[in-house]
Enquirer: 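Take a look at the following structure, please.
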Amino acid sequence: HMSWTLTPDLTQLPPLDQAMVFHWDSVPGVLGYYATIVGMMGEKTMITWSSSEVKEEATVGWEYMDEQQVAELVEATVLMAPDRQEFTVPAGIFKDCDMVFLVMTGFGRGVALQEGQPLPSLQTRTTLMVTLGGKEMQEGMGGD
């Protein structure tokens, strides 16, 4: 069982016009982390930020990755290293959004059988999803 301890305390909405620093306790067994924040502005505009330090390849198969693939993505700085415990979102990029969501995933070990159609595969992962606020949120209505 993996659980998250994330700061700031997200029962309160973080100020979207300031830099947001997220810190978490290390999650045992995680081989790499990935975080993305999506902000919706009206019906036609979406702003995204990710923890990747490089432009991500659309070919990354997020549904299943073996340990070697996770290690390669950590090496390429697409995923954060397993000993990383903090990232910072620049100030103001989501300040005009109506709704803002954070999704963070820790990728663990995976295994795939060598034969079978379709090829059976299994991967451990832990995911945190939380609403960070926006103009449509009321003050004091943070996520659980």
Side-chain angles (χ1 to χ4, degrees), residues 1-113 118-144:
H1 176 261
M2 296 190 249
S3 63
W4 293 89
T5 304
L6 185 73
T7 53
D9 171 11
L10 291 179
T11 60
Q12 301 297 316
L13 299 176
L16 297 176
D17 59 344
Q18 300 172 24
M20 293 182 282
V21 179
F22 293 93
H23 181 86
W24 61 93
D25 292 341
S26 185
V27 178
V30 166
L31 304 174
Y33 295 99
Y34 181 79
T36 185
I37 299 177
V38 176
M40 302 301 298
M41 212 166 21
E43 293 183 10
K44 298 185 178 178
T45 304
M46 183 170 78
I47 297 170
T48 60
W49 172 92
S50 85
S51 58
S52 176
E53 295 180 22
V54 293
K55 186 171 171 62
E56 297 149 43
E57 295 295 324
T59 57
V60 172
W62 297 108
E63 53 282 332
Y64 170 76
M65 293 186 291
D66 63 31
E67 292 172 54
Q68 181 179 342
Q69 288 170 302
V70 172
E72 288 170 359
L73 290 172
V74 168
E75 181 71 22
T77 67
V78 173
L79 298 180
M80 294 180 282
D83 59 351
R84 178 106 169 245
Q85 291 183 282
E86 187 175 284
F87 63 81
T88 302
V89 180
I93 58 177
F94 295 105
K95 68 180 173 59
D96 295 323
C97 291
D98 299 316
M99 291 293 283
V100 182
F101 305 95
L102 163 69
V103 178
M104 188 167 172
T105 303
F107 295 92
R109 296 185 62 205
V111 64
L113 295 181
L119 184 69
S121 58
L122 173 72
Q123 181 170 41
T124 56
R125 64 176 69 183
T126 180
T127 302
L128 169 75
M129 292 181 273
V130 67
T131 301
L132 297 179
K135 293 178 179 179
E136 291 186 6
M137 293 290 294
Q138 297 173 9
E139 282 301 315
M141 286 184 53
D144 291 333

Enquirer: Can you give the donor-acceptor pairs under 3.5 Å from side chains of residues 76-95 to other protein atoms, not counting sequence neighbours?
Expert:
from: R84; atom 1: NE; to: E86; atom 2: O; distance (Å): 2.8
from: R84; atom 1: NH2; to: E86; atom 2: O; distance (Å): 3.4
from: Q85; atom 1: NE2; to: W24; atom 2: O; distance (Å): 3.1

Enquirer: Identify, with sequence neighbours excluded, every residue that meets side-chain hydrogen bond (donor to acceptor under 3.5 Å, both in side chains) alongside Q68.
Expert: E72
Enquirer: Show me the donor-acceptor pairs within less than 3.5 Å that the side chains of residues 36-49 make with the rest of the protein, sequence neighbours left out.
Expert:
from: T36; atom 1: OG1; to: W49; atom 2: O; distance (Å): 3.1

Enquirer: Identify the two heavy atoms, one from V70 and one from F107, that lie closest to each other, and give their separation to 0.1 Å.
Expert: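 Result for this residue pair: CG2-CB, 4.1 Å.
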Enquirer: With rounding to the nearest 0.5 Å, note down the distance linking OH in Y34 to OG in S52.
Expert: 6.0 Å
Enquirer: Locate the shortest heavy-atom distance separating L132 from P14; write the atom from each residue and the value.
Expert: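 Closest approach of L132 to P14, heavy atoms only: O-CD, 3.4 Å.
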Enquirer: Roughly how far, to the nearest 0.5 Å, is OG1 of T131 from CD of E136?
Expert: 11.0 Å
Enquirer: Could you check whether any side-chain heavy atom of F101 comes within less than 4.5 Å of a side-chain heavy atom of M129, counting everything from C-beta outward?
Expert: no
Enquirer: With E67, which residues qualify under side-chain hydrogen bond (donor to acceptor under 3.5 Å, both in side chains), at least two apart?
Expert: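 side-chain hydrogen bond (donor to acceptor under 3.5 Å, both in side chains) check on E67 returns R109.
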Enquirer: Are the side chains of L102 and F22 in touch, meaning some heavy atoms are under 4.5 Å apart?
Expert: yes
